[in-house]
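Below: one structure, written as structure tokens.
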2 protein chains.
Amino acid sequence: MQAAAHAFADKGFHATTTRDIASGAGLSPAGVYVHFGSKEELLFNLSRSGHESALRLLRGAIADGPTPAHQLANVMRRFSEWHVEQYQVARVVQYEHHHLTPEHHAEVLALRKEMDSVVRDVLDRGVADGTFTVDDSGDTALALLSIVVDVARWYSPTIRRTPAEIGATNAALALRLVGATHRA
Amino acid sequence: MQAAAHAFADKGFHATTTRDIASGAGLSPAGVYVHFGSKEELLFNLSRSGHESALRLLRGAIADGPTPAHQLANVMRRFSEWHVEQYQVARVVQYEHHHLTPEHHAEVLALRKEMDSVVRDVLDRGVADGTFTVDDSGDTALALLSIVVDVARWYSPTIRRTPAEIGATNAALALRLVGATHRA
DNA sequence: AGTCAGACTAAGCAAGCGCTTAGTTACCGA
DNA sequence: TCGGTAACTAAGCGCTTGCTTAGTCTGACT
């Protein structure tokens with residue numbers, strides 16, 4: 001799965017051959033099929049476990065914050081760091097899921113909807129208690145997630161910025177975007 | 001080229017066959033090779049012309065605004081609208097360029113750097129004249145472009161929001177992000 | 001009427017693809 | 001010592017891929 005994540009993130013699902021994955025894992029071409037029934041099944045396993053760990057991370061970020069401002073900062077900081085540190089898995093999660101079969105795709109789409117809800121809900125709570133000012137919590141949640149998700153597109157290990165720096169930057173930008181700069 | 005843009009945007013460069021492109025254009029499989037020497041050359045032509053028109057759009061957005069705040073709002077609104085209205089070309093531009101040959105890739109990367117500079121420069125001018133407040137213009141420019149670029153990822157023609165609405169939303173979010181909400 | 005360039009196709013080639021088959025090896029409990 | 005199970009490979013099958021070749025057709029110009 002690690003070899004597959006590496007290859008899928010680097011070249012994309014369709015440009016990756018099962019022979020790439022096999023040799024990356026130190027196996028013969030047939031060796032992959034001992035563990036996975038098809039290349040798509042491998043993508044699905046990667047995508048599902050990636051989505052599940054991302055969702056777990058988001059929920060943990062909410063649980064560990066006393067106020068909506070702390071929770072939003074946690075979400076942006078930790079999720080951004082995850083996109084950097086696990087950037088190969090993150091790329092597969094964010095950009096390869098539409099190559100899944102319709103059934104498998106539906107399963108990860110359900111997880112993605114929950115991820116959206118986590119961000120939208122924290123905005124709604126912040127608006128409700130007066131700490132946040134936003135025009136539309138759906139639009140704002142999408143923009144915040146765009147900033148984080150896009151990390152998986154532009155990040156490369158050759159970049160000098162550390163995960164912590166990127167996380168801190170994105171957390172600060174988020175608080176500014178919801179009009180809560182003076183807190184958190 | 002239209003048929004190729006459609007197919008590349010829908011399935012990605014490697015998942016698209018030359019036969020898909022040919023039949024999309026109403027040609028036999030060999031008909032494509034009358035006009036283009038290879039599938040990669042077709043991607044390059046699409047990617048280059050897409051990058052050029054995006055860069056032209058960005059420069060026009062700057063030219064048509066009297067102040068940095070107007071210019072930034074123009075950039076965000078028009079570039080977001082472009083990502084919606086030309087979302088197939090936009091997807092190819094934003095997500096397929098790394099499948100180009102090294103030489104062709106270098107050529108579009110130069111255009112992409114210029115696009116980044118346009119956004120970063122308007123932020124610097126806004127900071128210089130006191131209308132914008134940002135911690136780091138590079139980080140902020142990247143976040144603003146993330147919001148726009150990500151449109152090409154999540155947009156689908158089935159979505160009810162109009163290009164103008166999405167453009168207006170992103171322009172408003174940008175002004176808020178640089179601390180210039182009261183203007184524009 | 002004759003010529004010729006350019007757009008196009010039918011047929012197909014060599015290579016690479018996802019995946020299978022038949023068989024080998026290593027290891028574990030009885 | 002043995003039978004069984006799971007991990008693995010060498011070889012290769014059938015198909016699809018990007019692209020080529022040889023030839024046809026159309027229309028503009030002389």
Side-chain angles (χ1 to χ4, degrees), chain A residues 1-50 88-89 91-93 95-108, chain B residues 1-51 88-89 91-108:
Chain A
M1 282 183 69
Q2 213 166 9
H6 186 90
F8 289 160
D10 193 43
K11 318 196 279 183
F13 177 70
H14 274 98
T16 299
T17 70
T18 58
R19 285 163 179 83
D20 290 336
I21 299 166
S23 74
L27 294 176
S28 73
V32 171
Y33 290 88
V34 173
H35 305 282
F36 301 95
S38 69
K39 184 173 128 178
E40 191 273 344
E41 184 182 315
L42 194 36
L43 174 63
F44 175 56
N45 279 23
L46 259 175
S47 189
R48 191 187 44 194
S49 78
Q88 291 174 337
V89 171
R91 263 187 207 180
V92 173
V93 162
Y95 297 116
E96 304 297 327
H97 63 82
H98 49 278
H99 292 123
L100 293 166
T101 62
E103 297 75 26
H104 289 164
H105 194 204
E107 199 169 325
V108 304
Chain B
M1 282 183 67
Q2 213 168 9
H6 185 89
F8 290 162
D10 193 43
K11 319 196 280 184
F13 177 70
H14 273 99
T16 298
T17 69
T18 56
R19 285 162 179 82
D20 291 336
I21 298 165
S23 74
L27 294 176
S28 73
V32 172
Y33 290 88
V34 173
H35 305 281
F36 301 95
S38 70
K39 183 172 131 180
E40 191 273 345
E41 185 182 315
L42 195 36
L43 174 64
F44 175 56
N45 279 23
L46 260 175
S47 189
R48 190 188 44 192
S49 77
H51 276 90
Q88 292 174 337
V89 171
R91 263 188 208 178
V92 173
V93 162
Q94 303 298 0
Y95 297 117
E96 304 296 329
H97 64 83
H98 49 279
H99 292 123
L100 293 167
T101 62
E103 295 77 24
H104 288 163
H105 194 204
E107 199 169 326
V108 303

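A, B, ... follow the sequence lines: proteins, then strands. Residue 1 opens every chain. Nothing here was measured: the structure is a model prediction, and the numbers come from that model.
- Atom NE2 of B:His99 is separated from atom P of D:dT17 by 17 Å (rounded to the nearest Å).
- Within the 4.5 Å cutoff, side-chain heavy atoms of B:Val32 are placed close to those of B:Ile21.
- Aromatic ring pairs are classed by plane angle as parallel below 30°, tilted from 30° to 60° and perpendicular above 60°; the pair B:His97 and B:His51 is perpendicular.
- Closest to the side chain of B:Leu27, from the set C:dC8, D:dT9, D:dT20, is C:dC8.
- What separates CZ of A:Phe36 from P of D:dA7 is a distance of 12 Å, to the nearest Å.
- Within the 4.5 Å cutoff, the side chain of A:Leu100 has no heavy atoms near those of the A:Glu107 side chain.
- Set against D:dT20, D:dG18, C:dC19, the side chain of B:Thr18 has D:dG18 as its closest nucleotide.
- When the C1' atom of D:dC19 is taken as reference, atom CD1 of B:Ile21 falls 13 Å away, rounded to whole Å.
- Between B:His104 and B:Phe44, the ring-plane angle classifies as parallel under the 30° and 60° cut-offs.
- The distance from atom CZ of A:Arg19 to atom P of D:dA11 is 14 Å, rounded to the nearest whole Å.
- Between the NE2 atom of B:His35 and the C1' atom of D:dC19 there is a distance of 16 Å, rounded to whole Å.
- Of the listed nucleotides (C:dC19, C:dT20, D:dT20), C:dC19 has the atom at the smallest distance from the side chain of A:Ser38.
- Closest contact between the side chain of A:Ala30 and the listed nucleotides C:dT21, D:dT17, D:dA7 involves C:dT21.
- Spacing between atom NZ of A:Lys39 and atom C1' of C:dC19 amounts to 12 Å, rounded to whole angstrom units.
- DNA chain C is contacted by both B:Gly31 and A:His14; B:Gly31 maps to the nucleotide lying nearer its 5′ end (nearest heavy atom per residue).
- Rounded to an integer number of Å, the gap from NZ of A:Lys11 to C1' of C:dC17 is 13 Å.
- Within the structure, every side-chain polar atom (N or O) of A:Ser28 is placed at least 4.0 Å from both OP1 and OP2 of D:dA10.
- Not one N or O on the side chain of A:His6 forms a donor-acceptor pair closer than 3.5 Å with the backbone of A:Gln2.
- Note: OH (A:Tyr33) to P (C:dA22) measures 18 Å, nearest angstrom.
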